[in-house]
**Q** 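Questions regarding the structure given below will be posed in turn.
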Amino acid sequence: MAPHTEQLTRPAAVRLRGLTRSFEDRTVLDGIDLDIPAGQFVALLGHSGSGKSTLLRAVAHLDHEVAGSGQLAAPERVSVVFQDSRLLPWRRVLDNVLLGLDGKEAEHKGREALAEVGLKGRERAWPNELSGGEAQRAALARSLVREPELLLADEPFGALDALTRIKMHTLLRELWERHRPSVLLVTHDVDEAIVLADRVLVLDHGRIGLDLTIDRPHPRSYRDPLLGEYRERLLAALGVTEDHK
Amino acid sequence: MTTSASTNTTTSTTADATADTGTSTATDATADTGTSTATGTTATTVPAVPVAATGTVDDAPRGRRRRRRGLAPGKPWPASRLVGPLLLIALWAAASAAGQLDTGAIPAPWTVLETGVNLWTDGTLPTDVLTSLERAAYGFAIGLTAGVALALASGLTRTGEALIDGTVQLNRAIPTLGLIPLFILWLGIGETFKIAIIAIVVYIPVYLNTHAALSGIDHRFVELAEVQGLSKVRFVRQIVIPGALPGFFVGLRLGVTGSWLGLVVLEQINATSGLGYMMFQAQNYGQSDVILVGLLIYGVFGLLSDTAVRLIERRVLSWRRTLSS
Ligand SMILES: Nc1ncnc2c1ncn2[C@@H]1O[C@H](COP(=O)(O)OP(=O)(O)OP(=O)(O)O)[C@@H](O)[C@H]1O
Ligand SMILES: [Mg+2]
């Protein structure tokens with residue numbers, strides 16, 4: 001965490017107050033105020049370079065060397081899913097899932113988590129032997145097995161093909177329904193945000209430019225016409241108008 | 001809270017993973033066949049290309065089709081590495097049999113073999129071989145231990161790096177064999193100085209490669225370790241060290257080669273026993289067959305030790321052989 005950030009006390013969900021982060025005089029996050037209630041599924045949109053990853057890394061306490069200030073409270077158990085699966089190539093899939101845990105019980109949970117993401121039977125495989133989608137599912141299992149109160153994901157499906165991505169959306173939503181962590185999902189894909197999240201934020205010029213609650217039942221279809229309205233509003237907030245498309 | 005990862009070198013682990021598989025294929029079809037001229041016309045240009053039977057109606061617009069050729073050299077032959085040396089020996093034997101070689105300079109292979117057997121049975125060769133092996137083994141073991149220990153100390157701690165890295169780089173700049181006269185003065189002309197020189201020849205490549213691999217750990221894995229809440233000890237044991245093993249093996253193989261090189265030089269100049277000494281004596285008496293026996297044994301040692309390291313490497317780094325299909 002950046003040195004000048006105070007720790008807020010109530011770690012039930014995410015709470016940011018005046019969170020500021022800058023790189024060499026360039027302010028990327030400019031006083032962000034944000035509350036994420038426990039168990040909420042939030043998507044974060046924004047242009048490339050708008051600071052989505054910076055925000056996520058701040059919440060994950062991964063930004064030791066970044067200058068900044070503000071107040072930040074996050075739960076104890078936080079898991080992160082990266083854009084790459086980040087499996088250690090020298091550990092078998094199950095051992096990757098169990099990274100940082102030990103004991104028979106953890107192993108049992110690890111196997112369960114792998115089964116949940118559809119990788120039963122691949123416990124002994126090397127990460128090199130997995131397809132991109134499978135690797136990302138293993139990464140999901142690794143984050144689940146720690147029973148996180150908050151799941152942070154930075155474009156976790158960005159490197160996957162469209163078909164696999166849709167399957168992963170379904171999987172992620174199912175997992176969320178079963179385990180109910182708070183989720184902060186960074187994405188550049190407006191449709192992904194609308195289909196998955198209950199609330200979509202747009203990061204713009206270092207602040208939350210739009211905070212949109214999406215009030216449609218799940219599972220959602222990409223073709224749901226009522227979602228079109230949300231899409232328009234989000235695209236407008238992102239500065240994409242019809243003639244840009 | 002600072003994590004000790006210099007982010008200059010990334011993904012050294014995966015860099016040469018592809019080098020191992022000789023069998024991959026996949027070339028782009030267009031790259032290979034895209035140049036054919038006008039399909040319908042009678043082929044006047046390249047007669048060598050068979051107008052294949054696969055040229056069905058569907059394929060017609062794309063022109064002639066050839067089977068895609070893989071760019072990889074294909075499957076290695078079994079024991080292919082032996083082909084060259086065997087051919088060389090055959091040539092040597094043929095030339096000797098035809099009386100084309102001066103037997104004083106290059107004796108026939110069977111003469112060398114005979115000499116070898118004689119030397120072995122009269123007991124001088126086993127003693128010399130044993131002496132040489134012992135030197136190499138001690139020097140190698142000490143060099144390996146020192147190289148790994150120093151690399152760990154300097155790769156994992158900032159203090160260690162400050163103390164060790166510059167010093168080793170300095171040591172590396174001095175040709176080790178140039179230290180021989182000094183070491184003889186310090187340690188006498190006995191075994192100790194020989195082992196010390198071999199140890200230095202070994203520790204330098206082991207240190208350099210292991211240290212580079214340790215400090216070049218992928219910063220993405222550092223992040224992962226933080227996210228997973230790994231302790232410092234676990235981080236080192238489960239991520240840094242396994243990640244540095246490929247680099248260590250590069251150093252190990254260079255070290256093995258280095259130990260033989262050091263041995264040869266030391267024994268030919270400064271020994272009173274051992275293989276090199278045997279060859280040195282043979283030179284005085286003009287026994288080229290004995291010299292060749294010595295050289296052959298050095299060669300076999302080198303080959304065997306390198307093969308052993310390769311085998312160990314394959315086992316330890318077995319995860320690298322599997323590539324996504
Ligand atoms: N380590 C760093 N050093 C200097 N500048 C940085 C660093 N990390 C990020 N930045 C800058 O901060 C800004 C925000 O970066 P960030 O990675 O948060 O964007 P992003 O919204 O995640 O973009 P993308 O969608 O492309 O991933 C960018 O302008 C980037 O250049
Ligand atoms: Mg980003």
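What's counted below: heavy atoms across the whole structure, side chains too, no hydrogens, waters or symmetry copies. Not measured: the values here are computed from a predicted model.
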**Q** What part of B:Leu317 gets closer than 4.5 Å to chain A, counting heavy atoms only: side chain, backbone, both or neither?
**A** neither

**Q** Please list all pairs meeting salt bridge (charged side-chain N to carboxylate O under 4.0 Å, His left out) that have one or both residues in residues 245-262 of chain B, counting only residues at least two apart or in different chains.
**A** B:Arg253-B:Asp306, B:Arg253-B:Glu313

**Q** Does a side chain donor of either A:Glu192 or A:His169 reach within less than 3.5 Å of an acceptor in the other side chain?
**A** yes

**Q** By number, which residues in residues 94-106 of chain A have some heavy atom less than 4.5 Å away from chain B?
**A** A:Leu99, A:Gly100, A:Leu101, A:Asp102

**Q** Which atoms of A:Arg91 are under 4.5 Å from chain B, going by heavy atoms: the side chain, the backbone, both sets, or neither?
**A** side chain

**Q** Are A:Arg57 and B:Glu223 ion-paired here, with the side-chain N under 4.0 Å from a carboxylate O?
**A** yes

**Q** Centre of A:Trp176's six-membered ring, under 6.0 Å away, within 45 degrees of the axis: is that where NZ or CZ of A:Arg178 sits?
**A** no

**Q** Would you list the atom pairs, donor with acceptor, under 3.5 Å between side chains in residues 151-158 of chain A and any protein atom, with sequence neighbours excluded?
**A**
unit_1, atom_1, unit_2, atom_2, d
A:Asp154, OD2, A:Ser53, OG, 2.8
A:Glu155, OE1, A:His188, ND1, 3.0

**Q** If you count heavy-atom pairs under 4.5 Å with chain A, which of B:Leu230, B:Leu224, B:Leu245 comes out on top?
**A** B:Leu224

**Q** Given heavy-atom pairs under 4.5 angstrom as the criterion, report whether the side chain, backbone, both or neither of A:Arg146 touches chain B.
**A** side chain

**Q** Salt bridge or not between A:Asp198 and A:Arg173? Use side-chain N to carboxylate O under 4.0 Å.
**A** yes

**Q** Could you tell me which residues satisfy side-chain contact (heavy atoms from CB on, under 4.5 Å) with A:Val42, sequence neighbours excluded, listed by chain and number?
**A** A:Ile36, A:Gln40, A:Leu184, A:Arg199, A:Leu201

**Q** Indicate the ring-plane relationship of B:His211 and B:Tyr207, choosing parallel, tilted or perpendicular according to the 30° and 60° boundaries.
**A** parallel

